[in-house]
Protein chains: 2
Amino acid sequence: MNEHSFIFVPDLMRSKDEHKERMIRDKAMEMIVKEGFDGMSMQKLAKAANVSPATIYIYFKNREDLLNHLYNEVQNTFSEVALKGFSPDLSFEDGLWLQWQNRLRFINEFPYQYQFYEQFRNSPLINHSDVQLIMDFKTNMKHFLMNALKNGEIKKMEPEVFWSLAYGPFYSLIKFHLQEKTMMGRHFKLSPAILKSVFKQVIKSLQ
Amino acid sequence: MNEHSFIFVPDLMRSKDEHKERMIRDKAMEMIVKEGFDGMSMQKLAKAANVSPATIYIYFKNREDLLNHLYNEVQNTFSEVALKGFSPDLSFEDGLWLQWQNRLRFINEFPYQYQFYEQFRNSPLINHSDVQLIMDFKTNMKHFLMNALKNGEIKKMEPEVFWSLAYGPFYSLIKFHLQEKTMMGRHFKLSPAILKSVFKQVIKSLQ
DNA sequence: TTTTTAAGTGAATGAACATTCATTTATATT
DNA sequence: AATATAAATGAATGTTCATTCACTTAAAAA
């Protein structure tokens, strides 16, 4: 519906208001992060985005379609940001560190989007969405991993094992970072120094 | 309401049916794992648990109260299982390995409970729940960490950093393990061999 | 300025929602 | 067997839900 609008553009028409769609998308994610999936109703969303409920259905087929589009968009933006400045020819340490920095940047810049993303991924909605990583991202990651292996920078392991070791601690830190209360009621601020120190330890585990 | 029922037990009464409450709790978690929070309505739950909607309100104040009780119960069972056979006087490597094994055992034995738990923790519901880890678990973990530090088995770091390095890769593996499709559409089976190998690498990162 | 088209709407629709209530049922004691 | 009590219920309650529809508005082209 939405992503195919470029296929047929009649001559005589009123064009869609990009700002309206942006508001719908942003407010939806904000509401879901603040009140959960059951706290985001179409009528409340319409009010928050300053449109009629019926307007939402011009942009999205239904509620589920809206949620899937949101997830898709975040996934793509995230991949894009993660690839900024990246090349599979970077040394393993430089490449992974760039990934960590890029991902942290995205999370800090778009906390609602990231938290919506995490909520969606941990819900059964993920099973009904047919989202796929953009090809560019996939091939870059694959070549990066292959180079690191070839150069003896990491040992041979299954992709899931690599991912768990290389990003597990990172995303765990992010979770603490985004909660205001963590262990023992303290607040945990993810400083650059801490991130770098954990990174060094992760590198050690992969060698 | 529920947890205080032992305070006053009249002589003449019909006693609550433990089996009914168990069904309500189990079906609720199953529904949430399969259909999400918005897929679990009180009327559908009643039907699934073979009780009247009104019966649920005998055991729980309202929907939110039910969800909080579920979370609480999982949290407590989880802590209990994690402590099985554990002592803070174990060597760091043995103690952490036991934790990994206990946690994996819980996840395999009660997948609905674990997946409900993860979904709850990643939703805003977590902000309105006032759950606390049981004291026994907390103190055990604290002493374990202190001993490992004293014996020079790990280096000094903030608790969140320790947690991220020691459990981040583990929970990441679990996520892959519980999805039927992971990276590149393959299925990932978490074998004991893989778990042990990742564990060894994690130990290396902590030293 | 007129025409054409889709964007955009407010009010409606029926279904599903959480919760309550007037009764009935089961059970432990007498 | 009778009694007292809370468990358990099915049928309501009023509210909110996702979605639709008859209609109005805006804008691009002629």
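Lettering follows sequence order; numbering is per chain, from 1. We use all heavy atoms of the structure for the numbers below, so side chains are in, but hydrogens, waters and symmetry mates are not.
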Self-check item: Any A/Lys20 side-chain nitrogen or oxygen under 4.0 Å from OP1 or OP2 of C/dG8
Solution: yes
Practice problem: Check the distance between D/dT16's P and A/Leu45's CG and give it to me in whole angstrom. | Solution: 17 Å
Quiz item: To 10°, what angle do the rotation axes through the five end pairs on each side of the helix from C/dT1-D/dA30 to C/dT30-D/dA1 form?
Solution: 20°
Exercise. Measure the distance from NE2 on A/His19 to C1' on C/dG8 and round it to the nearest whole Å.
Key: 14 Å
Quiz item: Which pairs pass salt bridge (charged side-chain N to carboxylate O under 4.0 Å, His left out) with one or both residues in residues 191-201 of chain A, sequence neighbours excluded?
Solution: A/Glu93-A/Lys200
Quiz item: Could you state the CD-C1' distance from A/Glu21 to C/dA6, rounded to the nearest angstrom?
Solution: 15 Å
Quiz item: Atom CD of B/Glu35 and atom P of C/dA16: how far apart are they, to the nearest Å?
Solution: 13 Å
Practice problem: Mind calculating the distance between CD (A/Glu18) and C1' (C/dG8) to the nearest angstrom? | Solution: 15 Å
Practice problem: Count the heavy atoms belonging to other residues, nucleotides or ligands that lie under 6.0 Å from NE2 of B/His187, then report whether that count exceeds 12. | Solution: yes
Practice problem: Quick one, give me the B/S/- string for nucleotides 17-22 of chain D, reading 5' to 3', where B means a protein heavy atom under 4.0 Å from the base and S means that only happens at the primed atoms, P, OP1 or OP2. | Solution: BBBBB-
Self-check item: Atom-pair distance (CD1 on B/Ile58; P on C/dA22), nearest Å
Solution: 15 Å
Practice problem: Kindly write out the residues that satisfy side chain to side chain contact (heavy atoms under 4.5 Å, CB included) with A/Phe144, not counting sequence neighbours, or none if the list is empty. | Solution: A/Phe86, A/Pro88, A/Phe92
Quiz item: Tell me, which pairs form a salt bridge (charged side-chain N to carboxylate O under 4.0 Å, His left out) where one or both residues lie in residues 163-173 of chain A, sequence neighbours left out?
Solution: none
Practice problem: Taking only Lys NZ, Arg NE, NH1 and NH2, and the carboxylate oxygens of Asp or Glu, determine whether A/Glu21 and A/Arg25 approach each other closer than 4.0 Å. | Solution: yes
Quiz item: What integer distance in Å separates A/Asp17:CG from D/dA28:C1'?
Solution: 16 Å
Quiz item: So which pairs with a foot in residues 157-173 of chain A pass side-chain hydrogen bond (donor to acceptor under 3.5 Å, both in side chains), sequence neighbours left out?
Solution: A/Arg103-A/Tyr171, A/Glu158-B/Arg186, A/Glu160-B/Thr182, A/Glu160-B/Arg186, A/Ser164-B/Ser172, A/Ser172-B/Ser164
Practice problem: Give every residue pair that meets the ring pair (Phe, Tyr, Trp, His ring centres under 6.0 Å) criterion with at least one member in residues 118-142 of chain B, sequence neighbours excluded. | Solution: B/Tyr71-B/Phe120, B/Phe116-B/Phe120
Practice problem: Mind checking side-chain hydrogen bond (donor to acceptor under 3.5 Å, both in side chains) for A/Arg22 and listing every partner two or more places apart, or none if nothing turns up? | Solution: A/Asp26, A/Glu73
Practice problem: Mind calculating the distance between CG (B/Asn50) and C1' (D/dA8) to the nearest angstrom? | Solution: 13 Å
Quiz item: Sequence neighbours excluded, which residues qualify as side chain to side chain contact (heavy atoms under 4.5 Å, CB included) partners of A/Lys47?
Solution: none
